[in-house]
Amino acid sequence: MLKKTLTRNVYDCSAGDLLNVVADVKSYENFIPFCSYVDIFDRSLSKELECFSALLSINFKFTTENFLTKVSVNREKSTISIIGDTKPFKSLIAEWSFIEQDKYCKVNFSLEVSFTSIIKEGLVSISFEKVASTILDAFERRARE
């Protein structure tokens, strides 16, 4: 399993703005460099949680992969959880938290992935830290726009 946790202080963005950008999964294809398609379905809303499923297409290293995730957005706690267990992943867990500070927002992003293919896991492991950082950079740029 590949694991990476990044913490970043983001200035000039509120926790709510950053949470909204990450929660807007349908827009990922417009600003995440390797995301080419998103479909959202099975959306449900309660007082605390917004939950939905998302089908994503990711272009990575000469291949395109489609996979399904379940997303839970908790605006009250300023957290987002994303899980998946469809190919190419054995498991995918992404956790976001957004903590409002005096002059910045502290963003915690944790990503854990395990692939069904040892070869794919090996290929991704070479650039895994860069991939995680690229994802966080893309969200930060989008929030500032």
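These numbers come from a predicted model, not from an experiment.
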S133 side chain to K130 backbone, donor-acceptor under 3.5 Å: no
For the student: nearest non-hydrogen atoms of F41 and D39, plus distance: CD2-O, 3.9 Å
Given L45, L19, I82, the one that forms side-chain contact (heavy atoms from CB on, under 4.5 Å) with V73: L19
Expected output: side-chain S46 to main-chain L49 donor-acceptor under 3.5 Å: yes
Donor-acceptor under 3.5 Å (T116 side chain, P88 main chain): yes
Ring centroid separation F98 to F109 under 6.0 Å: no
Within the 6.0 Å centroid threshold, strictly below: F89 and F115: yes
Criterion side-chain contact (heavy atoms from CB on, under 4.5 Å) on M1 and I93, from CA distance to verdict: CA-CA 11 Å; M1 179 170 286; I93 303 169; 5.7 Å; no
Straight-line distance of E29 CD to S57 OG, nearest 0.5 Å: 9.0 Å
Spacing of L111 atom CG and I135 atom CD1 [to the nearest 0.5 Å]: 6.0 Å
Shared hydrophobic cluster, V10 / L6 (ILVMFWY, side-chain heavy atoms < 4.5 Å): yes
E121 vs L2, side-chain contact (heavy atoms from CB on, under 4.5 Å): CA-CA, chis, key distance, verdict: CA-CA 8 Å; E121 190 153 329; L2 305 172; 4.2 Å; yes
Full working for side-chain contact (heavy atoms from CB on, under 4.5 Å) between T5 and N108: CA-CA 7 Å; T5 299; N108 293 309; 5.6 Å; no
Side chain Y104, main chain C13, donor-acceptor under 3.5 Å: no
Within one Ile-Leu-Val-Met-Phe-Trp-Tyr cluster: I32 and V107, side-chain cutoff 4.5 Å: yes
Side-chain ion pair, R144 and E140, N-O less than 4.0 Å: yes
Donor-acceptor pair, side chain of D24 and main chain of N20, under 3.5 angstrom: no
E100 atom CD: more than 12 heavy-atom contacts under 6.0 Å: yes
Shared hydrophobic cluster, V22 / I40 (ILVMFWY, side-chain heavy atoms < 4.5 Å): yes
Nearest-0.5 Å distance, OH of residue Y37 to OG1 of residue T64: 14.0 Å
Pairing of K120 and E65 as salt bridge, 4.0 angstrom limit: yes
Within 6.0 angstrom of K26 NZ, more than 12 heavy atoms from elsewhere: yes
Atom pair CD1 (I58) and OG (S36), whose distance is rounded to the nearest 0.5 Å: 7.0 Å
Whether F139 and W96 hold their rings parallel, tilted or perpendicular, with breakpoints at 30° and 60°: perpendicular
N30 and R142: CA distance, side-chain angles, deciding distance, side-chain contact (heavy atoms from CB on, under 4.5 Å) verdict: CA-CA 10 Å; N30 298 323; R142 181 73 168 195; 4.2 Å; yes
Same apolar cluster: L136 and V131, side chain cutoff 4.5 Å: yes
Spacing of E95 atom CD and I80 atom CD1 [to the nearest 0.5 Å]: 10.0 Å
Same cluster (ILVMFWY, side-chain, under 4.5 Å), V38 and V21: yes
Closest approach of L68 to T86 (non-hydrogen atoms, all atoms of both residues): N-OG1, 2.9 Å
From E76 atom CD to E48 atom CD, the distance as rounded to the nearest 0.5 Å: 5.0 Å
